[in-house]
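Just so you know, these numbers come straight off a predicted model, no measurement behind them.
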Amino acid sequence: MGSPRWNRLCLLLLAGLTSSLLLYGHYYATVGSPGSRRIIGSLLQPEPLVLAPRGTSGRAGSHRWAREGGSESGKSFEPSTVLEEPKPSRKQPSTCLHSVMSRAKADPKFRELFRFDTPVLMWDQHFTPETWDRLKTRHVPYGWQGLPQAAVADTLRLLNTSANRRLLDRAALGGGCVRCAVVGNGGILNGSRQGRAIDAHHLVFRLNGAVIKGFEEDVGTKISFYGFTVNTMKNSLVAYEEYGFTRVPQGKDLRYIFIPSDIRDYLMLRSAIQGSPVPEGSDKGDRPQKYFGPEASAEKFKLLHPDFLQYLMTRFLHSEVLRTQFASLYMPSTGALLLLTALHACDQVSAYGFITANYEQFSDHYYEPEKKPLVFYANHDMLLEAALWRSLHRAGIITLYQR
């Protein structure tokens with residue numbers, strides 16, 4: 001028999017272990033099927049993240065969009081949060097008859113979800129005392145909670161050109177239907193020979209580890225927009241260097257879409273426009289010119305509006321992970337945010353390299369020489385996103401590349 005103090009210590013340790021197991025059990029019961037493999041791990045530093053189940057083939061609690069083959073109910077996604085109403089944006093009018101907007105309004109599910117007057121981008125005139133007071137109560141990326149007011153204000157004041165107000169210039173594109181391709185990095189593109197079809201679009205969006213050299217036949221060469229958070233950009237430069245992603249794409253006509261997931265995005269954007277090193281934070285001393293080129297002016301940068309990100313999460317990607325203790329980790333993937341951004345700016349949208357129903361047949365990324373399984377992290381809900389893409393494809397709102 002041990003001492004009373006030792007016995008109490010053992011009981012406390014046993015209680016703590018039991019509590020932890022119950023918490024993890026609750027999480028996996030929410031986001032994965034009972035037969036899923038359970039994986040706990042992390043992404044690259046500096047932001048450790050918890051891995052969710054991989055290889056799920058059954059019904060997961062967070063996937064509320066109708067799935068093909070009748071494995072899920074056909075009920076439409078219902079927003080569970082009341083959206084705050086930002087001031088409507090003034091968009092350039094489109095004359096395209098068969099546009100995303102017209103098809104969405106014709107669909108009984110999606111007409112209730114899309115709000116095309118939600119401002120997509122944030123620029124200097126959006127920074128008002130009223131906006132600050134409203135957004136400082138919501139955590140990033142959906143607001144400015146905990147961010148220094150001066151840092152946010154100084155960044156937004158630099159976004160003061162007409163190019164910062166809109167994602168694309170319809171007049172410069174010659175009118176008609178603006179066709180956009182959003183290219184993810186999924187293994188489905190390896191051997192796809194879709195490069196020519198991708199480059200035939202007016203505008204091409206790419207993201208994170210967008211390797212092009214050596215894969216031109218499959219993914220094309222054109223790039224109009226590169227989208228990222230500073231964290232995903234830097235992680236991609238480390239994780240995919242061996243596959244050829246050695247620098248961020250650069251070009252005279254290339255535009256950069258910042259997703260403001262942290263204070264470091266605002267600081268990096270400000271320094272990029274000013275042409276100076278980052279003055280503080282985890283990127284202190286870093287020189288944005290090496291990422292975006294030596295002559296990157298304010299016109300080259302777009303900043304997604306926190307209200308727009310809140311709207312996308314609430315109406316399209318409101319995962320049930322948000323009801324668990326992992327809620328603070330959750331954020332839609334970079335690819336999902338860029339694809340939905342394109343849907344609110346372009347007339348016709350094609351999605352390449354995004355997760356499909358048969359994702360297990362392909363490698364995680366198209367540039368990997370050996371097949372690597374897709375890994376599901378708890379900060380994203382990839383199967384919820386996959387179900388959304390299939391629903392949008394069936395409604396004719398996007399063209400999802402599948403094979």
Is there side-chain contact between [X] and [Y], with at least one heavy-atom pair below 4.5 Å?
X: Cys346; Y: Val100; value: no
X: Ile263; Y: Met268; value: no
X: Phe308; Y: Gln310; value: no
X: Met331; Y: Ser261; value: yes
X: Thr161; Y: Arg165; value: no
X: Phe225; Y: Thr341; value: no

Exercise. Begin with the C-alpha distance, continue with both residues' side-chain angles, and end with the deciding distance and a verdict on side-chain contact (heavy atoms from CB on, under 4.5 Å) for Asp262 and Tyr266.
Key: CA-CA 7 Å; Asp262 194 89; Tyr266 292 94; over 6 Å; no
One pair to check against side-chain contact (heavy atoms from CB on, under 4.5 Å): Phe205 and Tyr226. What are the steps and the verdict?
CA-CA 6 Å; Phe205 295 67; Tyr226 176 73; over 6 Å; no
When Leu322, Leu388, Asp381, Leu312 are each screened for side-chain contact (heavy atoms from CB on, under 4.5 Å) with Leu317, the one that passes is Leu388
Going by atom types only, do Ser297 and Glu299 share a side-chain donor-acceptor pair under 3.5 Å? yes
Please tabulate, one pair per line, all N/O donor-acceptor pairs under 3.5 Å involving side-chain atoms of residues 172-185, not counting sequence neighbours.
{"from": "Arg179", "atom 1": "NH1", "to": "Ala200", "atom 2": "O", "distance (Å)": "3.3"}
{"from": "Asn185", "atom 1": "ND2", "to": "Leu207", "atom 2": "O", "distance (Å)": "3.1"}

So that I can tick it off, tell me whether [Y] and [X] are bridged by a salt bridge, with the cut-off set at under 4.0 angstrom between side-chain N and carboxylate O.
X: Arg270; Y: Asp154; value: yes
X: Asp283; Y: Lys234; value: yes
X: Asp347; Y: Arg103; value: no

Nearest heavy-atom pair of [X] and [Y]: which atoms, and what distance?
X: Val211; Y: Gly244; result: CG2-C, 4.3 Å
X: Tyr256; Y: Gln250; result: OH-CA, 3.5 Å
X: Gly214; Y: Glu216; result: N-OE1, 3.0 Å

Aromatic ring proximity [X]/[Y], centre distance under 6.0 Å:
X: Tyr359; Y: Phe376; answer: yes
X: Trp144; Y: Phe127; answer: yes
X: Tyr240; Y: Phe245; answer: no
X: Phe354; Y: Tyr401; answer: no

Can you say whether the rings of [X] and [Y] are parallel (under 30°), tilted (30 to 60°) or perpendicular (over 60°)?
X: Tyr243; Y: Tyr367; answer: tilted
X: Phe110; Y: Phe114; answer: tilted
X: His344; Y: Tyr311; answer: perpendicular

Applying salt bridge (Lys or Arg N to Asp or Glu O under 4.0 Å) to Asp133 and not counting sequence neighbours gives Lys136
